[in-house]
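Quick notes on the structure that follows.
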Amino acid sequence: MKTLVIVESPAKGKKIQGYLGSEYKVKASFGHIRDLPAKKEDIPKKYQGESWARLGIDVQKGFEPLYIVPAEKKAVIAELRKLAGEADEVLLATDGDREGEGIAWHLVRALGLKGNFKRMVFHEITQDAIQRAVQNTRPLDYALVGAQESRRIIDRLCGYGVSPALWQSIGSGLSAGRVQSAALAALARRELARMNHVHADYWRVLAQVMPEGEGADPFTAVVVSIKGQPLAGPKDYGADGQLKADSPALAITGEQAAQTVAFLKAKGVKVAKVETSAYSTKPPAPFTTSTLQQAASRALKMGAKRTMEVAQRLYEGGRITYMRTDSPALSEEATEAARAVAVGLFGDRCIPAAPRTFAAKGNAQEAHEAIRPAGKDFKAPDQTGLSGEELSLYRLIFTRTVASQMTDLQGSKTTLHLKSGGVGLQSSGRVILDPGFTRLYNDETDKKDEQQLPNVAEGQALPVKDARAEVKKTPAPGRFTEASLIKALENAGVGRPSTYANIIEVLKNRQYTALVKDQLHVTWLGLVVAAYLQDQFPALVDLAFTVKMEKDLDRIAVGELKREAYLTEFWTNGLEQTIRAARHGPPALALGKFAGVVVTARQEQIVMVRDGKAVPLGLALVPDTLTPELVETIMAGETVRPRESRGPAPPATGKARKSSARRKKTA
DNA sequence: CAGTGAGCGAGCTTCCGCTTGACTT
């Protein structure tokens, strides 16, 4: 054997081995192979006495990290070290992104490589691309490694720096971090907005208008204005249930609505204007991890974690490309394959003359291509022999990929403007002229209110067959689902494809959030933790924190910013001071709608307090379902036991969490 | 005198990101 090639994933390695032949030995590192020690028992004896040992970073000495090989990686390192010793050269073919560069450097150190190594990078796995990558190796990029280390150090300092403040203030075993705390804060803001939302009633008036001609069907028009003033809808009301001060809209009473109904029935309507415009809709881009999780959630009702498990099996079975990616780009061969499948299904005219290309968003690292069927001939779903969830997910990926190369949907949108005295009405409808890609893949973006409108002429008078008024309530902002939270995090640049599903698992394991039907709600514990962090560490819960970090890491990666200077500014002159100055003690969360009631933590429990009486809150009670009656029931409960009292100690939230976390770990 | 249990104090918890199996429940 001459050359050892090290990749991150064994499935990838197997494939590349086939392209490279027996002159090369391809092996996997199984991701990162060294890390900061997580627990005290992982810290080597000689460092255990050091003041910085708990952090695993000697902040006084240029933020030097203490790296260890985790127990489960010892065997991998031993084997790689042996093979590296037998090889003339080692090609570090880890992913072409910041983390991949970091892994490559850790391999150099852990395997004790001495100059006989090069960096090999590729973005798609084809014979050509692999051959090219082998010919075009480059040296290790130490500045990029520095950016990766800085990222790791920042996350450790945030997580292990701030979590103890939560133990002292709210309960033991709690956690904070750059990613999870930003996600928790987003969930908490939404839950609080729902709790504080005041519904407003508004009226809608609808008319069934009869076009001319025999056998014609009535169509629905909605009243949009009275005497030139627009009618108030949900957008015109604030969260306090009041009409917004700057809103020009008219809020009508039930009486006025009834009068309008009677008026329309008696007078009929006149066609004031007919507007028709063509529109087209592009197919959505091929899947990234985030969009796959969103689509699987909508179409298949699969959670993020489950989606990734099934996708992993498809990947290992050679059915799809890599499932953790932030790039929607298709390789040339995949683009051709998708177009060929489309033509086979729907004929020559279902694809545009020029292939479509898709670019990643700004913050993407693009180490991989989009998630798509593997190979250069996509297997049709029913020819795969797959079944159950694997088949469903494969079909979703197959259709999305092929549809991405098909023609736009072409349609025509018509809006009828109707009048009846001072009352203005509107009716709109769409006609699909060419379904384009939607013949294969239909995103949920389709509108439900697609009525076929009749041909009418401007100035024409039409009778109103029926009219009715309905009262509606302005809706509170909707809860996040797993999918919509992932989308929000991705848009903010928080988290990575390999961690999206995990972020939600962490929030669930900490009992900061729970699923109710398909929606994520924040627990009382989550609200109290979020309130504390918002008070004491506002920078940590700001979605902009990661954006700033990424910019700084990019500067480190190109050598514009020194790692140590950046970390000194962040920690020594920043977060460390904030931690020192942080107030210890739980926040008192006032519940706007319930005067005199406060939620806070006492002796490791979340309690509701009124007039000095504190009662523990059950974890099952969803915060935004709290009612005045429920408050009374809770407050009639048993007071939280003072620490001095005899008798069995109340179950601590920390204990409960710990045991559930343990179970998780061993599972 | 031996065994039990209350009470006290010490020690631990925690991050993000990259990868799969080896474990239970």
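Just so it is clear: chains get the letters A, B, ... in the order the sequence lines come, proteins before strands, and each one is counted from 1.
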Looking at M308(A), E490(A), E482(A), K487(A), which hits side chain to side chain contact (heavy atoms under 4.5 Å, CB included) with Q293(A)?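 Only match with Q293(A) under side chain to side chain contact (heavy atoms under 4.5 Å, CB included): M308(A).
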Side-chain N or O of [X] closer than 4.0 Å to phosphate OP1/OP2 of [N]:
| X | N | answer |
| --- | --- | --- |
| Y322(A) | dT19(B) | yes |
| T499(A) | dC16(B) | no |
| R34(A) | dC18(B) | no |
| R324(A) | dT20(B) | yes |
| R510(A) | dT13(B) | no |
| S175(A) | dT13(B) | no |
| R496(A) | dC18(B) | yes |
| Q180(A) | dC16(B) | yes |

Under 4.0 Å, heavy atoms only, any strand: does [X] hit a base, just the sugar-phosphate, or nothing?
| X | value |
| --- | --- |
| G177(A) | sugar-phosphate |
| Q312(A) | sugar-phosphate |
| A176(A) | sugar-phosphate |
| N502(A) | nothing |

Nearest heavy-atom pair of Y532(A) and A582(A): which atoms, and what distance?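 Closest pair (atom of Y532(A), atom of A582(A), distance): OH-CB, 4.1 Å.
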Given salt bridge (Lys or Arg N to Asp or Glu O under 4.0 Å), test E101(A) with R138(A) step by step and report yes or no. CA-CA 12 Å; E101(A) 205 71 18; R138(A) 62 163 171 80; 3.0 Å; yes
Among the candidates dT19(B), dC16(B), dC15(B), find the nucleotide nearest to the side-chain atoms of A38(A).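 Nearest to the side-chain atoms of A38(A), counting from C-beta on, is dC15(B).
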Dot-bracket for DNA chain B, 5' to 3', with Watson-Crick and G-U pairs under 3.5 Å, [ ] for crossing pairs and | for other-strand pairs: what is it? .........................
Quickly work out the [X] [atom1] to [N] [atom2] distance and round it to whole Å.
| X | N | atom1 | atom2 | answer |
| --- | --- | --- | --- | --- |
| K39(A) | dG11(B) | NZ | P | 18 Å |
| L553(A) | dG17(B) | CG | C1' | 13 Å |
| L174(A) | dC12(B) | CG | C1' | 14 Å |
| K73(A) | dT20(B) | NZ | C1' | 8 Å |
| I43(A) | dG11(B) | CD1 | P | 14 Å |
| L55(A) | dC16(B) | CG | P | 15 Å |
| L489(A) | dC16(B) | CG | P | 11 Å |
| Y500(A) | dC18(B) | OH | P | 9 Å |

For M323(A) and K40(A), find the nucleotide of DNA chain B closest to each by heavy atoms; which residue's nucleotide sits nearer the 5' end?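 Upstream on the strand: K40(A).
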L36(A) or Y315(A): which one's nearest nucleotide on DNA chain B is closer to the 5' end?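 Result: L36(A).
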Pairwise distance NZ(K27(A)) to CG(L80(A)) - rounded to 0.5 angstrom: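 It comes to 8.0 Å.
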With rounding to the nearest 0.5 Å, note down the distance linking CZ in F117(A) to CG in L92(A).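 If we round to the nearest 0.5 Å, F117(A):CZ and L92(A):CG are 7.0 Å apart.
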Distance-only donor-acceptor check, side chains Y315(A) and R313(A), under 3.5 Å: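 Absent: no donor and acceptor within the cut-off.
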Among side-chain atoms of Y24(A) and T3(A), is any donor-acceptor pair under 3.5 angstrom?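 Not at all, the side chains of Y24(A) and T3(A) share no donor-acceptor pair under 3.5 Å.
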Taking side chain to side chain donor-acceptor pair (under 3.5 Å) as the definition, give me every residue that meets it alongside Q536(A), ordered by chain and number, with sequence neighbours left out.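 By the side chain to side chain donor-acceptor pair (under 3.5 Å) rule, Q536(A) matches no residue at all.
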Quick one, which residues of residues 149-169 of chain A touch DNA chain B with a heavy atom under 4.0 Å?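 Those residues whose heavy atoms fall under 4.0 Å from DNA chain B, taken from residues 149-169 of chain A in numerical order, are R151(A), R152(A), D155(A), R156(A), G159(A), Y160(A), S163(A), P164(A), W167(A).
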Once you measure the plane-to-plane angle for Y67(A) and H106(A), does it fall in the parallel (<30°), tilted (30-60°) or perpendicular (>60°) bin?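 Judged by the thresholds at 30° and 60°, the geometry between Y67(A) and H106(A) is perpendicular.
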Return the orientation label for the F545(A) and F570(A) ring planes: parallel under 30°, perpendicular over 60°, tilted otherwise.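 Rings of F545(A) and F570(A): tilted, as their planes differ by 30° to 60°.
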For L507(A), does its backbone N or O pair with a side-chain atom of T513(A) as donor and acceptor, under 3.5 Å?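 No, T513(A) side chain to L507(A) backbone: no donor-acceptor pair under 3.5 Å.
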